[in-house]
Amino acid sequence: MANFLTEMRRKAKAAANGNSGRAAAKKTSKKTTTGTKNAAKKTAKSPSKRSTTARPKKKTSKSTPKKKAAARKRTAREAVLTQQQLPAVWRVLILLVAFVAMVGFAVVLSKLTLGPSAASESLTHSNLRPGDSIRNYLQQPALRDTIKQLGGNIVLGMPFGALLPALVPRTRGLLRVMLATAVVMLAVELVQGALVQGRAFDIDDVILNSTGAVLGYLIIGRRLGRAVHPRRPHWWHRFSLSASRGRP
């Protein structure tokens, strides 16, 4: 009987020890699962923190002073190109005077170049070789006739260079004035040679008229064009402005 009781006590103790071990194992398993969950949460949060902290900071561009200097130069150029003009009243007055002068010049030009001359019909001949007529003018014995022929053709082209930049803004510029004058006078010479009695086509007259237009532009036409219309940027100004705007 005593042996049976002792054996029962041992079993009860063993059962109690087993239950306590299971509870401890459950507690430890719970602790491990919660630890792993917390670790997983921390690892899940940590990459975002690292990614946010590891983002490279935006570098301040070292070329900001260069950009500012380029912007200042660009604004200075634009200010020079759009310089202050004359008041509107003066501009309108200059345009009216230039228009009246151009109309009067057209009338004089038509009378001088398109009027028939039967007396000089046997003396005139066409000239298609540049320089031949100018050489003949210079070889004349009378200096007065030379000045009359050369100077008259040069003076005849000066109103184009003086008045065209004010009346037609697209003709501003030395080459443009010269080309516009050459086209007009070439048409006049063709009409002379084909339709007018006693007149002949002469390429040297076109050259002399274009030279006069260049002189008229340099003397007064350039100033009149700038006074009436805003200053036109040259090709090197446009190239520099486009290059400065295209820079990063």
Side-chain angles (χ1 to χ4, degrees), residues 94-95 97-229 231-232 234-236:
I94 291 172
L95 284 174
V97 172
F99 179 74
V100 173
M102 182 60 80
V103 172
F105 169 68
V107 173
V108 174
L109 180 65
S110 63
K111 287 183 177 181
L112 290 175
T113 58
L114 300 179
S117 177
S120 60
E121 187 174 0
S122 60
L123 301 174
T124 58
H125 62 279
S126 298
N127 175 32
L128 300 176
R129 296 177 62 183
D132 281 357
S133 295
I134 296 174
R135 195 178 303 110
N136 292 330
Y137 296 152
L138 293 174
Q139 289 175 357
Q140 286 180 358
L143 182 61
R144 190 174 192 180
D145 293 337
T146 302
I147 294 174
K148 182 180 177 181
Q149 294 292 337
L150 294 178
N153 283 314
I154 290 174
V155 171
L156 197 63
M158 290 181 69
F160 285 103
L163 300 175
L164 277 179
L167 294 174
V168 186
R170 288 185 176 273
T171 59
R172 287 184 298 165
L174 192 64
L175 292 176
R176 294 187 181 190
V177 166
M178 187 171 65
L179 288 175
T181 306
V183 169
V184 173
M185 297 312 295
L186 188 63
V188 171
E189 290 292 328
L190 289 173
V191 172
Q192 276 185 350
L195 302 176
V196 182
Q197 184 183 8
R199 302 285 182 176
F201 178 85
D202 196 342
I203 191 65
D204 284 341
D205 289 347
V206 178
I207 294 172
L208 292 172
N209 296 145
S210 302
T211 305
V214 170
L215 292 176
Y217 176 77
L218 294 176
I219 293 170
I220 193 173
R222 187 182 180 196
R223 295 178 183 177
L224 280 179
R226 287 185 178 181
V228 177
H229 305 287
R231 188 175 176 182
R232 182 179 61 85
H234 296 286
W235 63 269
W236 56 85

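Because only heavy atoms are used, hydrogens play no part in the values below, and waters and symmetry mates are left out as well, while side chains stay in. We count residues from 1, following the sequence as given.
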Look up atom [atom1] in [X] and atom [atom2] in [Y], then write down how far apart they are to the nearest 0.5 Å.
X    : Y    : atom1 : atom2 : answer
R170 : H229 : CZ    : NE2   : 12.0 Å
I207 : I154 : CD1   : CD1   : 11.5 Å
R222 : R172 : CZ    : CZ    : 11.5 Å
L95  : M102 : CG    : CE    : 12.0 Å
L208 : I134 : CG    : CD1   : 4.5 Å
Q197 : R199 : CD    : CZ    : 11.0 Å

Nearest atoms (heavy-atom pairs only) where [X] meets [Y]:
X    : Y    : answer
A180 : L164 : CB-CD1, 4.1 Å
E189 : V206 : CG-CG2, 3.7 Å
P165 : G161 : CD-O, 3.3 Å

Measure the shortest side-chain to side-chain distance between V177 and V214 over non-hydrogen atoms and say whether it is less than 4.5 angstrom.
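Result no, sub-4.5 Å side-chain heavy-atom pair not found.
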Flag the pair P130 / I203 as yes when at least one side-chain heavy-atom distance between them is below 4.5 Å, and no otherwise.
yes
Just grab all the side chain to side chain donor-acceptor pair (under 3.5 Å) pairs involving residues 202-211, residues at least two apart or on different chains.
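Passing the test, one end in residues 202-211: N127-D202, N127-D204, S133-D202, N153-D205.
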Ignoring hydrogens and angles, write down the donor-acceptor pairs under 3.5 Å from the side chains of residues 104-115, residues two or more places apart or on other chains.
unit_1	atom_1	unit_2	atom_2	d
S110	OG	A106	O	3.3
S110	OG	V107	O	2.7
T113	OG1	L109	O	2.5

Keeping to residues at least two apart or across chains, list the ring-ring contact (aromatic ring centres under 6.0 Å, His included) pairs with something in residues 162-200.
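Counting only pairs at least two positions apart or across chains, no ring-ring contact (aromatic ring centres under 6.0 Å, His included) contact touches residues 162-200.
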Inter- and intrachain pairs under ring-ring contact (aromatic ring centres under 6.0 Å, His included), touching residues 168-214, at least two apart:
none
Show me the pairs that pass salt bridge (Lys or Arg N to Asp or Glu O under 4.0 Å) and involve residues 136-157, at least two apart or across chains.
none
Can you pull out every salt bridge (Lys or Arg N to Asp or Glu O under 4.0 Å) where at least one residue sits in residues 132-142? Sequence neighbours excluded, please.
R129-D132, D132-R135
Does R226 use its side chain to pair, donor to acceptor, with the backbone of R223 at less than 3.5 Å?
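Side chain of R226 to backbone of R223: no pair is present.
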Using a 3.5 Å distance criterion without hydrogens, assess whether the side chain of T181 forms a donor-acceptor pair with backbone atoms of A213.
no
Is there a side chain to side chain contact (heavy atoms under 4.5 Å, CB included) between T171 and L179? Walk through the geometry before answering.
CA-CA 9 Å; T171 59; L179 288 175; over 6 Å; no
